[in-house]
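Notes follow once the structure below has been shown.
Residue numbering restarts at 1 for every chain, and letters A, B, ... go by the order of the sequence lines.
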Amino acid sequence: MGSSPTPVVTRFAPSPTGFLHIGGARTALFNYLFARHFGGKFLLRIEDTDRERSTQAAIDAIIDGMKWLDLEWDGEITYQFARAERHAEVARQLLAEGKAYYCYATPEELEEMRAKARAEGRPMKYDGRWRDRDPSEAPAGAKPVIRLKAPQTGETTINDLVQGEVTVSHEQLDDMVLLRADGTPTYMLAVVVDDHDMGVTHVIRGDDHLNNAFRQLALIRAMGWPEPIYAHIPLIHGADGAKLSKRHGALGVTDYREMGFLPEAVENYLLRLGWGYGDEEIISRQQSVEWFTIDAVGRSPSRFDLKKLEHLNGHYMREADDARLTDLVKPRIEAQLERALTEAERAMLQSSMKELKVRAKTLVELAQSALFFFRSRPIPLDAGAMKLLQPPAPDILREAYAALADAPEWKSEALDAAVRALAERLGLGLGKVAQPLRAALTGSNTSPGIFDVLVGLGREESLGRIEDVMTSATSGQ
RNA sequence: GACCCCUUCGUCUAGAGGCCUAGGACACUACCCUUUCACGGUAGGAACACGGGUUCGAAUCCCGUAGGGGUCGCCA
């Protein structure tokens, strides 16, 4: 493993204006893995300088999502807004050094400027009209912003760990606002100051920030601070190829928890989105820390594929501990049933988990498939079950009832033997007997193995359910 | 509009000049297993955006074209 000359410090810096979305989660994951790979630090900073849009609920949701994915950050969370005075101090320093200046241009003026630039096919940037003007020319009573004097000639090349060498001409840069008219810092100022003060060595973020990097670098250079290493990772796109948004059903990372996904499945999926390690598909946390390198991240955006996530989730559910799955699925079942499960029922659920989990791709499906165990008699029958109970099923069930009732013990092997013997005696395939039984016992045409169902349900409940459909078949319709 | 980035099966990717008649995974199809559904196994269809170079040889290097994406706020 390579060791960095300086300790690696990465950071995840979401703005709390909504939940932790799936793209943000991936950015956090990459930052986390990169730091852990090098034995460095992974910091969390909440960019709450937009007082209008930042909410405590969003902060809670982000932290909740990070914890769910087990992305443990080092040290305390940094809240950007709390550092506003420090940001302003940097702006004033730049002003004092002549590297920044007051600008009195009004919003209307700027709007007009942009419209004109666009019409003339020029970059839509601030034209620097107050750059060299004397503040004495300022309109009376107008509140100025502070702008950075950005370089106007030459070019900057960033050696991005993901994007490679990217060069932008300084003519493309404009004098960005550092401090707003109300004295609060802009994002551009805040990130640069915070990253510096926090000792961030590697800025790993979405490539929607690639252009910002050049402007931020101008500020860093004005301050004479060390430049961080950048890695701009491609965004996740929806199935239609456009930037992921709510429309694509890509919600907060914790919405995937609601949808019944396991965090390790989401993590594995996110990791493989835009990154690969040979033909490896199933990758543990330990392996990913060991294998992860940022330069192996692809440069092209990738699309979100729920099917693959489901497949991965099915895999991780099969591997998951039965007790853990039981705890996760129990509340879902209770919600459906609108009652609590007894201790005995919980135990039964757990002992059936081995059979149940191989058939489900999500916890939602798992809960659904386990529901029949806890229904009270007579259990509801779905369309598939009704079909299986058409004649001659009732007659077969009568025979089955007797055979099962006579079984020497209520164990899988004994019941298996009894039912097979019956099928043979009737000259039928096992399926001809098992399917009606399944319908009677589970109310559906799909379920775990019929003998596991019988054992799980127990003798009394099983025979009772068979009896229910026998009687309703004779009396009904 | 300007600038920046991207382009291998439907999707995620392997591939860093000959190992590629392009590999794996998801999805799909067929078959096997089988009491149903899954799981598992086997097989199959499916891609180097296009056009020029460079080279003995290009998915891999260069240049164009087309398409897609991103950014251009006193938002972050």
* Structure fact -> Contacts of T184(A) and N445(A) projected onto RNA chain B by closest heavy atom; the upstream (5') one is N445(A)
* Using the C1' atom on both, measure rC61(B) against rU54(B) and round to a whole Å. => 8 Å
For nucleotides 20-24 of chain B, print each protein N/O atom paired with a nucleotide N/O atom at under 3.5 Å, atom names and distance only.
unit_1  : atom_1 : unit_2  : atom_2 : d
rG23(B) : N2     : D279(A) : OD1    : 3.1
rG24(B) : N2     : R272(A) : NH2    : 3.3
rG24(B) : N2     : E281(A) : OE2    : 2.9

* rC9(B) to rA22(B) separation - C1' atoms, rounded to the nearest Å -> 10 Å
* Please determine, by modelled atom types, if H315(A) and N268(A) share a side-chain donor-acceptor pair under 3.5 angstrom. => no
* Asked: Quantified in whole Å, what is the P atom distance between nucleotide rG67(B) and nucleotide rG45(B)?
  -> 33 Å
* Look through every strand shown and name the nucleotide pairing with rU65(B) as Watson-Crick or G-U wobble, where both distances are under 3.5 Å. => rA49(B)
* Compare all side-chain heavy atoms of P16(A) with those of I62(A) and state whether any distance is below 4.5 angstrom. => yes
* Kindly point out which of rA76(B), rC39(B), rU36(B) is positioned nearest to the side chain of R53(A)? => rA76(B)
* To do: Could you tell me whether R11(A) and E47(A) make a salt bridge, using a distance below 4.0 angstrom between a side-chain N and a carboxylate O?
  => no
* Asked: Hey, is D468(A) close enough to R465(A) for a salt bridge, meaning N to O under 4.0 Å?
  -> no
* **Length of the line joining R215(A):CZ and rG73(B):C1', which is rounded to integer Å** => 9 Å
Using a 3.5 Å cut-off and no angle test, enumerate the donor-acceptor pairs between side-chain atoms of residues 438-458 of chain A and protein atoms at least two apart in sequence or in another chain.
unit_1  : atom_1 : unit_2  : atom_2 : d
R438(A) : NE     : Q435(A) : OE1    : 2.7
R438(A) : NH1    : S447(A) : OG     : 2.7
R438(A) : NH1    : P448(A) : O      : 3.0
R438(A) : NH2    : Q435(A) : OE1    : 3.4
T442(A) : OG1    : R438(A) : O      : 2.7
T442(A) : OG1    : S444(A) : N      : 3.2
T442(A) : OG1    : S444(A) : O      : 3.2
S444(A) : OG     : T446(A) : N      : 2.9
S444(A) : OG     : T446(A) : O      : 3.0
S444(A) : OG     : T446(A) : OG1    : 3.4

* Could you give the CG-to-P distance, from L366(A) to rC39(B), as a whole number of Å? -> 14 Å
Atom pairs under 3.5 Å, N or O on each side, protein against nucleotides 1-7 of chain B: can you list them with distances?
unit_1 : atom_1 : unit_2  : atom_2 : d
rC3(B) : O4'    : Q172(A) : OE1    : 3.4
rC5(B) : O3'    : Q163(A) : OE1    : 3.4
rC5(B) : O2'    : Q163(A) : OE1    : 3.2

* Taking atom C1' in both rC37(B) and rC5(B), what distance in whole Å separates the two? -> 46 Å
* To do: Using atom CG of L441(A) as one end and atom C1' of rU36(B) as the other, report the distance to the nearest whole Å.
  => 13 Å
* Structure fact -> Between Y269(A) and the options F304(A), Y256(A), F261(A), the ring-ring contact (aromatic ring centres under 6.0 Å, His included) test singles out F304(A)
* Any N or O donor-acceptor pair linking the side chain of R303(A) to the base of rU11(B) at under 3.5 Å? -> no
* Any donor-acceptor N/O pair, S169(A) side chain to E171(A) backbone, under 3.5 Å -> yes
* Asked: In whole Å, what is the span from the NE2 atom of H170(A) to the C1' atom of rC72(B)?
  -> 17 Å
* Between rA66(B) and rC50(B) - P atom distance, rounded Å -> 16 Å
* Taking the six-membered ring of F81(A) (Phe, Tyr or Trp), confirm whether the NZ or CZ of R51(A) is under 6.0 Å from its centre and within 45° of its axis. => yes
* Criterion side-chain hydrogen bond (donor to acceptor under 3.5 Å, both in side chains) on N212(A) and Y187(A), from CA distance to verdict -> CA-CA 10 Å; N212(A) 286 339; Y187(A) 159 80; 4.7 Å; no
* **Options rA76(B), rU11(B), rG40(B), nucleotide nearest the side-chain atoms of D305(A)** => rU11(B)
* Using a cut-off of less than 4.0 Å, is there contact between a side-chain N or O of S302(A) and OP1 or OP2 of rU13(B)? -> yes
* Asked: Across all strands shown, which nucleotide pairs with rU29(B) by Watson-Crick or G-U wobble geometry, both distances under 3.5 Å?
  -> rA43(B)
* Asked: Using the C1' atom in both, what is the distance from rC39(B) to rU60(B), to the nearest Å?
  -> 39 Å
* Asked: Given rU35(B), rA76(B), rC37(B), which nucleotide is nearest the side-chain atoms of T446(A)?
  -> rC37(B)
* Asked: Does rG1(B) have a Watson-Crick or wobble mate here (both distances under 3.5 Å), and if so which one?
  -> rC72(B)
* **By ring pair (Phe, Tyr, Trp, His ring centres under 6.0 Å) - contacts of H232(A) (at least two apart)** => Y230(A)
* Would you classify M176(A) as touching base, sugar-phosphate or nothing, given that sugar-phosphate means primed atoms plus P, OP1 and OP2, and contacts are heavy atoms under 4.0 Å? => nothing
* **K361(A) side-chain N/O to rC39(B) phosphate OP1/OP2 under 4.0 Å** => yes
Using the 3.5 Å cut-off, write out each protein N or O paired with an N or O of nucleotides 58-63 of chain B and the distance between them.
none

* For rG24(B) and rG18(B), measure between their C1' atoms and round to the nearest Å. => 22 Å
* Compute whether any side-chain donor of one residue and acceptor of the other, for T156(A) and H170(A), lie under 3.5 angstrom apart. => yes
* Asked: Toward the 5' end of RNA chain B, which comes first, W275(A) or F451(A), by nearest nucleotide?
  -> W275(A)
For nucleotides 29-32 of chain B, give me every protein contact, N/O to N/O, under 3.5 Å, one pair per line with atom names.
none

* Asked: Of all the choices, rG69(B), rU36(B), rA76(B), which nucleotide is nearest to the side chain of H237(A) once you look at every atom?
  -> rG69(B)
* To do: Please check if atom CD in E424(A) has more than 12 non-hydrogen atoms from other residues, nucleotides or ligands closer than 6.0 Å.
  => no
* Greater than 12 external heavy atoms within 6.0 Å of Q56(A)'s CD -> yes
* When you measure from the centre of the six-membered ring of F12(A), is the NZ or CZ of R45(A) under 6.0 Å away and within 45° of the axis? -> no
* To do: Please determine, for rA38(B), whether a Watson-Crick or G-U wobble partner exists with both distances under 3.5 Å, and give it or none.
  => none
* **Any R114(A) side-chain nitrogen or oxygen under 4.0 Å from OP1 or OP2 of rG73(B)** => yes
* Taking atom CD of Q287(A) as the centre, does the number of heavy atoms from other residues, nucleotides or ligands within less than 6.0 Å exceed 12? -> yes
* Ring geometry between Y277(A) and W275(A) (parallel below 30°, tilted from 30 to 60°, perpendicular above 60°) -> parallel
* Between rG23(B) and rC63(B), how far is it from one C1' atom to the other, in whole Å? -> 30 Å
* Nearest to the side chain of R359(A) - rU35(B), rA38(B), rA76(B)? -> rA38(B)
